[in-house]
Trainee: 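Right, I'll just put the structure down here and ask away after.
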Amino acid sequence: RKEVEQDPGPFNVPEGATVAFNCTYSNSASQSFFWYRQDCRKEPKLLMSVYSSGNEDGRFTAQLNRASQYISLLIRDSKLSDSATYLCVVNQAGTALIFGKGTTLSVSS
Amino acid sequence: NAGVTQTPKFRVLKTGQSMTLLCAQDMNHEYMYWYRQDPGMGLRLIHYSVGEGTTAKGEVPDGYNVSRLKKQNFLLGLESAAPSQTSVYFCASSYVRLTYEQYFGPGTRLTVT
């Protein structure tokens, strides 16, 4: 089983739609969780950290379920500019970040 | 601030040639990393450094060497390039490895023929 698994997509949605991405991780000792965004042929950038209590940043909501080892990202009211690849990232104590392969989102008008 | 910069942006090598990729950061970060990104494989850690003069192996270190002689610079070397090293290489840095955001450079696209 891979350490961080994501549905690669692509997810094709119209503007204004709500879309959710899921991610599972295999190591129960994982401590920190993030979503990064990567535009085509660009570098990854931090979108948001994921906290146990869940957190929201504008149209983006991240959830963590430690019991199920599951992370989610919800995007409401999708914009054309949200088109990108979303990387689920997990960190374990004493190790570097582990990146998922990413989920591709395409928002169309 | 420039953040994290990488040189060169593009390079084509012949099999067996050598080259060095340079990463520089002006954020006074202690930690620096080299990743490679291949289609369908995601980002994989090659080597990393937790401070000036220190380096450590990541997930895919074979065929690469690194050096961190100055805090702001992290060099990635390919001594004898192979077609399997065709990839996009990203450098990143962070204040603290375990929980902090990593800042990435724009990447180097390397093709080995």
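All values reported here derive from a predicted model rather than from experimental measurement. Quick note: numbers below take in every heavy atom, side chains included, and nothing from hydrogens, waters or symmetry partners. Residue numbers start from 1 in every chain, and the chains themselves are labelled A, B, ... in the order their sequence lines are given, proteins ahead of strands.
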Trainee: Which atoms of A/Lys45 come close to chain B, meaning under 4.5 Å heavy atom to heavy atom: side chain ones, backbone ones, both, or neither?
Mentor: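 Contact with chain B is absent: no heavy atom of A/Lys45 under 4.5 Å.
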
Trainee: With a 4.5 Å heavy-atom cut-off (strictly below), which parts of residues 36-45 of chain B touch chain A? List them by number.
Mentor: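 Hits under 4.5 Å: B/Gln37, B/Gly40, B/Met41, B/Gly42, B/Leu43, B/Leu45.
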
Trainee: Using a heavy-atom distance cut-off of less than 4.5 Å, which residues of residues 104-113 of chain B contact chain A?
Mentor: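 Residues of residues 104-113 of chain B touching chain A at under 4.5 Å: B/Phe104, B/Gly105, B/Pro106, B/Arg109.
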
Trainee: Please give the remaining members of the hydrophobic cluster of A/Leu74, linking ILVMFWY side chains under 4.5 Å, ordered by chain and number.
Mentor: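 So far as hydrophobic clustering goes, A/Leu74 is joined with none.
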
Trainee: What verdict does the side chain to side chain contact (heavy atoms under 4.5 Å, CB included) test give for B/Gln102 and A/Leu46, after you've listed the backbone C-alpha separation in whole Å, the side-chain angles of each residue and the deciding distance to 0.1 Å?
Mentor: CA-CA 8 Å; B/Gln102 288 189 13; A/Leu46 180 67; over 6 Å; no

Trainee: Side chain, backbone, both or neither: which part of A/Phe33 has a heavy atom under 4.5 Å from chain B?
Mentor: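 Neither; nothing under 4.5 Å.
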
Trainee: Less than 4.5 Å apart, any side-chain heavy atom of A/Tyr36 and any of B/Glu101?
Mentor: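 Yes, at least one pair of side-chain atoms sits under 4.5 Å.
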
Trainee: Given the options A/Pro44, A/Gly100, A/Pro8, which has more heavy-atom pairs under 4.5 Å with chain B than any of the others?
Mentor: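 Of A/Pro44, A/Gly100, A/Pro8, A/Pro44 has the most heavy-atom pairs under 4.5 Å with chain B.
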
Trainee: Among residues 4-13 of chain B, which ones touch chain A with a heavy-atom distance under 4.5 Å?
Mentor: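 The stretch does not come within 4.5 Å of chain A.
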
Trainee: Under 4.5 Å from any heavy atom of chain B, what part of A/Gln38 do you find: side chain, backbone, both or neither?
Mentor: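 Side chain only.
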
Trainee: Within the supplied structure, the quantity of interest is the number of heavy atoms (other residues, nucleotides, ligands) at a distance under 6.0 Å from A/Tyr51 OH; does it exceed 12?
Mentor: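 Counting other residues, nucleotides and ligands, OH of A/Tyr51 stays at 12 neighbours or fewer.
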
Trainee: Near B/Glu79 CD, under 6.0 Å, is it more than 12 heavy atoms from other residues, nucleotides or ligands?
Mentor: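 It does not: B/Glu79 CD has 12 such atoms or fewer within range.
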
Trainee: Is it true that B/Tyr33 and B/Ile46 fall in one hydrophobic cluster, defined by side-chain heavy atoms closer than 4.5 Å?
Mentor: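 Different clusters.
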
